[in-house]
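Just below is one structure, and these are the notes that go with it.
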Amino acid sequence: MNTAARVRRINPSPSTAAAQRVRELKSQGLTILDLTVGEPDFDTSAHVKAAAIEAIEAGETKYTPVNGTSRLRAAIAGKLRARHGLTFTDAQITVGGGAKQVIFLALMATLDEGDEVIVPAPYWVSYPDMVRANDGTPVIVDCPEADGFKLTPERLGAAITERTRWVVLNTPGNPTGSAYTVGELRSLAQVLLDHPHVRVLTDEIYDEIWYGDEDIPSLAAVEPRLADRVFLTNGVSKTYAMTGWRLGYGVGPADLVTAINTLQSQTSSCPSSVSQAAAAAALTGPQDFVRDTVRVYRARRDATVKLINDVPRLSCTVPDGGFYLLVNCQGVIGQLTPEGHRIENDEDFARHLLDSGQVAVIHGAAYGAPGYFRISFATSTDVLTEACERIATACAALTSAPAAVPSV
């Protein structure tokens with residue numbers, strides 16, 4: 001079968017492939033410590049599940065409006081008003097089958113062949129391929145660890161061209177956990193104000209898995225003059241442990257939302273009615289679950305950061321939010337495994353951890369971060385502790401390659 005060019009331009013998700021490999025190894029009876037999974041290890045709250053059951057029993061199992069039920073839209077608007085002081089009308093809210101679908105449809109609605117999207121690296125694995133699938137060109141901008149893995153005004157300004165349509169800002173970010181401060185967002189906004197043809201897609205899916213003392217800022221609230229150019233995406237998957245419910249949303253300019261809704265009307269029609277009832281309950285109900293799980297994540301983060309930084313030749317910074325560590329493994333590149341294989345790159349090292357220590361991580365190059373690997377600490381402290389011990393053992397087993405003998 002001949003596939004379309006748009007399909008041939010993209011790659012399967014590395015994180016999905018890693019998860020599948022872990023499942024295969026576990027099916028062979030191996031005890032794999034899986035640090036690849038990008039979802040909470042907690043169950044959805046009881047009151048959220050009860051709302052879904054109530055909706056089923058009440059017969060709320062039919063089509064809903066394309067942009068979601070009025071109750072859910074009101075819940076989204078209320079959440080953003082309380083959290084950021086932002087006001088959105090129904091015409092500015094769209095709801096989809098996960099934030100991922102909403103982002104994809106936003107790109108589909110706005111990109112033509114050759115249009116450019118600025119993607120800061122490290123990036124979530126799907127951004128570049130979603131751009132390519134919609135005929136756009138991802139412009140990858142390297143954001144080194146020395147800059148906190150964050151886009152600077154200078155790099156942003158240098159990357160913008162007349163073909164730039166979007167800048168993607170994922171804050172807190174996957175895979176780094178880095179988040180932009182108010183001051184950093186204002187500095188980026190000053191650049192964007194000089195380029196009125198550029199829109200900003202803010203992916204804020206991890207915004208409440210946040211370890212700061214004050215609420216995390218959002219670009220649309222920090223710089224109101226950009227309000228008609230910012231498309232804010234979020235969802236219930238990470239904050240409320242509802243990944244399988246597939247419910248995300250986007251808010252922004254009414255013309256863009258109308259275009260997204262038009263596309264959705266011809267694809268999935270609307271999100272699940274039952275998931276919408278559950279999401280509304282999550283957004284408007286008790287928030288103890290969020291506070292409790294963030295407290296657990298923080299303890300896991302602190303413990304895992306210390307364990308990794310105690311391993312010779314590995315290091316990591318402390319993430320501001322989310323549940324990932326991006327670990328610098330450049331110190332092991334060039335080393336030899338006990339079998340005599342040379343570690344040429346981060347993918348080789350991730351393979352070494354899996355083969356020798358039965359610890360699954362995702363190599364950094366998948367995120368535009370060669371020389372690093374990603375750990376998810378959305379798992380128990382016991383698993384994290386044992387995994388880090390295995391990682392330390394795997395590193396200790398490496399030896400230096402013999403120096404090359406000069407020819408004479």
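Below 30°, between 30° and 60°, or above 60°: for F289 and F42 the angle between ring planes is above 60°, a perpendicular geometry. A tilted orientation is assigned to the rings of Y297 and F323, their planes being inclined by 30° to 60°.
Between F149 and Y372, the distance separating the two ring centers is shorter than 6.0 angstrom.
For D203 and Y127, the side-chain atoms include at least one donor-acceptor pair closer than 3.5 Å. Using modelled atom types, one finds a donor on one side chain and an acceptor on the other under 3.5 Å when comparing D207 with N234.
Side-chain atoms of Y123 and I140, non-hydrogen and from C-beta on, do get closer than 4.5 Å to each other. Between P370 and N345 the shortest side-chain heavy-atom distance does not fall below 4.5 Å. Side-chain contact between I118 and I160 is present, with at least one heavy-atom pair separated by less than 4.5 Å. Looking only at side-chain heavy atoms (C-beta outward), L156 and V141 stay at 4.5 Å or farther from each other. Here the side chains of L86 and F88 are in contact, with some heavy-atom distance below 4.5 Å. Residues Q335 and F349 fail the side-chain proximity criterion, which asks for heavy atoms closer than 4.5 Å. Proximity of I76 to V95: side-chain heavy atoms (C-beta onward) are separated by under 4.5 Å at one or more points.
By the 4.0 Å N-to-carboxylate-O rule, D302 lies too far from R295 to be salt-bridged with it. Remark: K306 engages D310 in a salt bridge, criterion side-chain N to carboxylate O under 4.0 Å. Here D135 does not pair with R6 in a salt bridge; the nearest charged N to carboxylate O distance is not below 4.0 Å. We find that R155 and D142 are not joined by a salt bridge, their nearest charged nitrogen and carboxylate oxygen being 4.0 Å or further apart.
A side-chain donor-acceptor contact under 3.5 Å links R313 to the backbone of C395.
Residues satisfying the salt bridge (Lys or Arg N to Asp or Glu O under 4.0 Å) criterion with K26, sequence neighbours excluded, are absent altogether. Among residues two or more places apart in sequence or in another chain, the side-chain contact (heavy atoms from CB on, under 4.5 Å) test is passed with T243 by E39, P40, S237.
T293 contributes atom OG1, which lies 10.0 Å from atom CZ of R291 (distance to the nearest 0.5 angstrom).
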